[in-house]
Amino acid sequence: MSRRNELTGSAHISSERPPGFVLHERRKGLLRRSVDSVLQCESVPLTKLAERYGTPLYIYSATTIRERFAAFDNAFRNVPHTICYSVKANSNLSILRLLARQGCGFDVVSGGELERVLAVDRRAARKIVFSGVGKSREEMTAALKAGILLFNVESESELWTLAECAARLHKIARIALRVNPDVAADTHPYISTGLRKHKFGVPISIARTLYAKASATRYLKVAGVSVHIGSQITDVAPFAETVARVADLVRALRADGHQVVFVDTGGGLGIDYQKAGPNFADYVANYARAVTNPLRGLNLHLLLEPGRAIVGPAGVLLTSVLYRKQNDGKKFLIVDAAMNDLIRPALYGAHHEIVPVVQGDVQSEVRREVQREARSKNLPVKKEIVDVVGPICESGDFFARDRELPRTEEGDLLAILDVGAYGMVLASNYNTRPRPAEVLVSGKSVKVIRRRETVRELYSSEL
Ligand SMILES: *Cc1c(COP(=O)(O)O)cnc(C)c1O
């Protein structure tokens, strides 16, 4: 089931369903003898999207998002559960709407995200959980008014603030304490959250005391326990260990007389950024076993907060090569996307596969020359080692370093893969660069789900 493409060695690009991005062969020339391949999103060639909407451009496959949500949901079919998609991974309204229509709930970490979900579907409120280490009174009040499912409370002070807000509105706040299980997860330090030294949650050792205090107040209703140990975790063992600790806490809390209905195991299931990875249904089934086994017999309603696993592989960032450049023998491709559009490589040193949108015949003299050079370096023919960098005035502005890529010319299109999560949501306007447009593709249909910003918009609120 290898998804390695013979032409390019690039990952993810294959005819296998459900990946939304596939290479499509086309015949060219008078005699239609020459063949090349074009990367498509579902049924739409990315070359068309570049022509119509320009670059840089975020492109999402709706089918991929739907299928990944369905696979996730299906993996937990044997237990009562609600999937609360983590809005911070990708908060575009059209993507939230698409998920809401599938029956998905939402995990929000700010009043802004809450407002987005309610703007899409007011009835989704009863499937919203509110996480976050610094909720303000205004945010809590808005969530109480909306009637959300659950507050994941992260400190004793927050508990009292929430109690006060709830009392003022005469509304009951259902709460879970986010406990810090002190479990190490093998991921980037910036996105690991489950150790004692991290700012998140309350130590599991003092949770019982806090639950007792909470249950003594009139407007807080103890309803569950929550955890979230970090992001981009691909080994299920830390999840299993965490949930085992939570299960012990649930038993203790019930012995103390609390009605624990919900266990929220957070998000964090990683994706494979190097290659297409294992079959998603199998992968998520394995995760589901790790999470549900320790809870067996406890008769709970499980809440899950996946973000990246649902939307990550569903998006690409399309960019054009502006310039080729060589400094002291080092080759650079300067592209029109930059770290303001996608910051993951700069922020975490994250790897993203990059593939040419058009792949195929090699004819020009230039290319022959590169072949000779490639041979002398024992590289596969037609390839070269390049840094792919953006136009921003920072050396951290790169998408790939010393990456082996097929020879690419100025004006060619490149697709940066797996950017559906933590891509556009982290985009900024650094260097007064308008953020890219976003399009959502479903089969043959294309919808602009966010128009490209204009420079004027960027300074219109300034004096
Ligand atoms: C970020 C976050 C998630 C989602 O994490 P992914 O790695 O995208 O699945 C879920 N829950 C909480 C509380 C988070 O902070």
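Counting starts at 1 for both ligands and their atoms, in listed order.
Taking 4.0 Å as the cut-off between side-chain N and carboxylate O, R208 and D256 count as a salt-bridged pair. Look at E156 and K213 and you find a salt bridge, because one of the NZ, NE, NH1 or NH2 atoms lies within 4.0 Å of a carboxylate O, short of that distance. Checked for salt-bridge contact, K275 and D272 meet the test: a charged N lies under 4.0 Å from a carboxylate O. Salt bridge status for E438 with R435: absent, with no side-chain N to carboxylate O gap under 4.0 Å.
Short contacts between ligand 1 and D107, defined as distances under 4.0 Å to a heavy atom of the residue, involve ligand atoms 10 (C), 11 (N), 12 (C), 13 (C). Atoms of ligand 1 lying under 4.0 Å from any heavy atom of G267, numbered from 1 in the order shown and given with element: 9 (O), 10 (C), 11 (N). Within ligand 1, counting atoms from 1 as listed, the ones closer than 4.0 Å to a heavy atom of S131 are 13 (C). Atoms of ligand 1 lying under 4.0 Å from any heavy atom of R308, numbered from 1 in the order shown and given with element: 6 (P), 8 (O), 9 (O). Heavy-atom proximity to E305, at under 4.0 Å, picks out these atoms of ligand 1: 3 (C), 4 (C), 9 (O), 10 (C), 11 (N), 12 (C), 13 (C). Remark: ligand 1 atoms within the under-4.0 Å shell around heavy atoms of G307 are 6 (P), 8 (O), 9 (O). Counting atoms of ligand 1 from 1 in the listed order, those under 4.0 Å from a heavy atom of G268 are 5 (O), 6 (P), 7 (O), 9 (O).
Here the heavy atom of the protein found nearest to atom 15 (O) of ligand 1 is K88 NZ, 2.7 Å. Taking atom 8 (O) of ligand 1 as the reference point, the nearest protein heavy-atom neighbour is Y422 OH, 2.6 Å. Scanning the protein for heavy atoms near atom 7 (O) of ligand 1, the closest one is S231 OG, 2.3 Å.
Atom NE2 of H351 is surrounded by more than 12 heavy atoms from other residues, nucleotides or ligands within 6.0 Å.
In this structure, N279 contributes its side chain and A281 its backbone to a donor-acceptor pair below 3.5 Å. Side chain of R116 to main chain of E113: no donor-acceptor pair is present (N/O by atom type, distance under 3.5 Å, no hydrogens or angles).
At a 4.0 Å cut-off, at least one heavy atom of P306 sits close enough to ligand 1 to count as contact. Residue contacts with ligand 1: A421 is excluded, as none of its non-hydrogen atoms falls under 4.0 Å.
Only side-chain heavy atoms of S86 come within less than 4.0 Å of ligand 1; its backbone N, CA, C and O stay farther off.
With sequence neighbours excluded, the residues satisfying salt bridge (Lys or Arg N to Asp or Glu O under 4.0 Å) with R451 are E457.
Side chains of S131 and R178: a donor-acceptor N/O pair is absent below 3.5 angstrom, by distance only.
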